[in-house]
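Here is the structure we will look at, set down as structure tokens.
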Amino acid sequence: MNSLIGTGALIRLALRRERVLTPLWIALLAVMAVGQVKRYGQTFPTPRAIADFAAEMSGNRALIAFGGEIYSPTIGGMTVWKIADIVYTLIALMAVLTVVRHTRAEEESGRAELVGSAVVGRAAALTASLVVSCAASLVTGLVIALGMMGAGLEAAGSLALGIGVAAPGLIFAGVAAVAAQLTEGARTAIALASGVLAASYVLRFVADGSGQEWVKWLSPQGWSHLLRPYGEERWTPLGLILPAVLLTVAAAYRLAARRDLGTGLISQRPGPATAAPGLRGPLALAWRLQRGPLLGWTAGFAVMGVFFGGLAATIPDMAGQGASIQEFFRRYTGPEGASLTDAYLWLIALSMGYTAALYPLLAVLRLRGEEITGHAELLLTAPVSRLRLAASHLVFAALGTVAVMAAGGLTMGLIAGDPLRVLGATLLQVPAVWAVGGAGVLAFGLLPRAAAAISWAAFLFVNLFGEVLGPILGMDYWIANTAVPFHHLPKILSGGAFTAVPPAALTGIAVLLCGAGLLAYRRRDTA
């Protein structure tokens, strides 16, 4: 039988399932890019003003590490510096989630086996997922390129940016397809592909933070930066982008042909015939399930702290900086003001909190995964209550957040030479992280089938609207001061006085959300 038979029907099915989510992704990324052009156009009305801003930002290696090198002191060049790296990362994440959702997740749920019982070829599902994901990436790149040209920017730079946006989506669609063949679970496939994405981001970050541009050639996201939109556009990276897409997709098809439906090439090790001596309750089982991600997050944040702490020594004094640099960091300083180094360390502490907000959400989704696989139902046939089962996972979601933030804060503080203050600042982010995690618990209890989508939406909302989309859409005050929990925290590292009210209030909100979620979980059906 033709291995691609039925592909058209599966593409239509995937498009139907993606009819809301994918257009939202495309609109989000397009608004981020084109909206930044309009914002900079209003903020810097003359070429001299934007050139002065670019000159000031170029002199700060820490800021360059976050956004990439500035290749052109123009509205277009500064827009790329401000927003492009975020767009490159998000479109790669979109591709990973889309491909895994229509491949490995379908096999894990058993739907792929039902579909495969009809006249459907072996490679049809993989092909359909790649077609939909790659088409979404290309459409996003095209929409952004047209939007930038519509905003008055030159065509060559807009084309380079459009290609740079589409490239990570195409590459990581292939990476996700490979991960889906290697693993047996959707969560593991997402974690594996996301790990490759994180490594790509770190390489790009290190390249720009250290000024060693050659390191970008090792990073797929770096290839998009090397296109240099609105600068002296360079098309050489296309020689790596296209082969990378073809190689990963070809590898995915080759691996798919070598495995059985529902299995992965990296098979899961069978457990022992008898339970481990310490595995005598829900808490011990939750530790066994959560320990791998927890140790990985903790080690990752410790390494992150070392790197960011090392950059602190390169930060000059605030007084010697231009008005644009001072204005950029002023939003991270308290009423008494602070040195540029203190403002930088508070910015990094906030960034760690924003990133760590994903950890409790994933820990809660692990509990949801136990429901989907039927493991939770088996456990509940024993003398174990629902609340006890859920609480065992929430313990690690809560305490694991503390461990992750403490690891990052301690290493960053030790390297920066101020361990106690930096550790205190990072631990202060924990109540805000708990509040975001509480939203995931509420979604798990009330809308379990949509828990994953709601959790990711909460994470992206907090990360994007407070720092990126809020200013672009003119919602600085409402979003930053009301809806994003991190902006309620006192800036204790950069001139602000400590007050216990905000962290206590955020902890209370987290407790209320978790309580409501657990109450709903107690009353609803499993699975």
Side-chain angles (χ1 to χ4, degrees), residues 21 24-25 27-29 31-32 35-36 66 82-83 85-87 89-91 93-94 97 194 197-198 201 297 300-301 304 331-332 346-365 394 397-398 400-402 404-405 408-409 425-444 446-447 450-491 502-503 505-514 516-517:
L21 194 57
L24 285 177
W25 273 105
L28 170 68
L29 299 178
V31 168
M32 288 172 63
Q36 191 64 45
F66 279 100
K82 177 67 176 179
I83 212 72
D85 194 66
I86 301 174
V87 176
T89 303
L90 288 178
I91 196 169
L93 180 62
M94 178 192 76
L97 296 176
S194 298
L197 175 59
Y201 177 83
W297 275 80
F301 267 62
M304 186 190 307
R331 62 190 300 187
Y332 302 107
W346 177 252
L347 168 62
I348 299 303
L350 277 174
S351 300
M352 286 185 175
Y354 281 121
T355 306
L358 184 60
Y359 172 77
L361 294 173
L362 293 179
V364 173
L365 290 179
L394 295 187
T401 299
V402 177
V404 167
M405 294 300 294
T426 53
L427 290 179
L428 186 62
Q429 316 298 319
V430 169
V433 176
W434 284 344
V436 180
V441 178
L442 183 62
F444 166 74
L446 288 177
L447 301 168
I454 293 172
S455 296
W456 279 103
F459 174 72
L460 292 174
F461 175 86
V462 167
N463 275 266
L464 292 179
F465 274 82
E467 296 295 324
V468 181
L469 281 178
I472 288 175
L473 299 176
M475 296 188 294
D476 305 52
Y477 296 101
W478 178 68
I479 293 293
N481 295 334
T482 305
V484 179
F486 294 94
H487 289 278
H488 295 277
L489 298 173
K491 303 177 178 69
L506 289 172
T507 302
I509 291 172
V511 171
L512 289 175
L513 290 174
C514 290

### Message
Could you measure the distance from the CG atom of L442 to the OG atom of S455? Nearest 0.5 Å is fine.
### Response
10.0 Å

#### Entry: Heavy-atom closest contact (L428 atom, P490 atom, distance)
CD2-O, 3.4 Å

### Task
Go through the steps to decide whether M304 and M352 satisfy the test side chain to side chain contact (heavy atoms under 4.5 Å, CB included), and finish with yes or no.
CA-CA 9 Å; M304 186 190 307; M352 286 185 175; 4.0 Å; yes

### Message
Working to the nearest 0.5 angstrom, can you tell me the gap between L21 CG and M94 CE?
### Response
9.0 Å

#### Entry: Point-to-point distance, once rounded to the nearest 0.5 Å, from CG of L90 to CH2 of W25
5.5 Å

### Minimum heavy-atom distance H488-P502, with the two atoms named
O-CB, 3.1 Å

### Message
Before you tell me yes or no, could you show the steps for V441 and L513 under side chain to side chain contact (heavy atoms under 4.5 Å, CB included), namely the whole-Å CA-CA distance, both residues' side-chain angles and the distance that decides it to 0.1 Å?
### Response
CA-CA 7 Å; V441 178; L513 290 174; over 6 Å; no

### Distance (rounded to the nearest 0.5 Å) between L361 CG and I454 CD1
11.0 Å

### Task
State the CG-NZ distance between L350 and K491, to the nearest 0.5 angstrom.
8.0 Å

### Query
Yes or no on side chain to side chain contact (heavy atoms under 4.5 Å, CB included) for F66 and I348, after CA distance, side-chain angles and deciding distance?
CA-CA 11 Å; F66 279 100; I348 299 303; 3.3 Å; yes

### Message
Does any part of the side chain of W434, heavy atoms only, come nearer than 4.5 Å to the side chain of V402, both counted from C-beta?
### Response
yes

### Query
Does any non-hydrogen side-chain atom of D85 lie less than 4.5 Å from one of T89?
yes

### Query
What distance separates W297 CH2 from M405 CE, expressed to the nearest 0.5 Å?
10.5 Å

### Message
Test side chain to side chain contact (heavy atoms under 4.5 Å, CB included) on F486 and V433; report intermediate values, then the result.
### Response
CA-CA 8 Å; F486 294 94; V433 176; 3.9 Å; yes

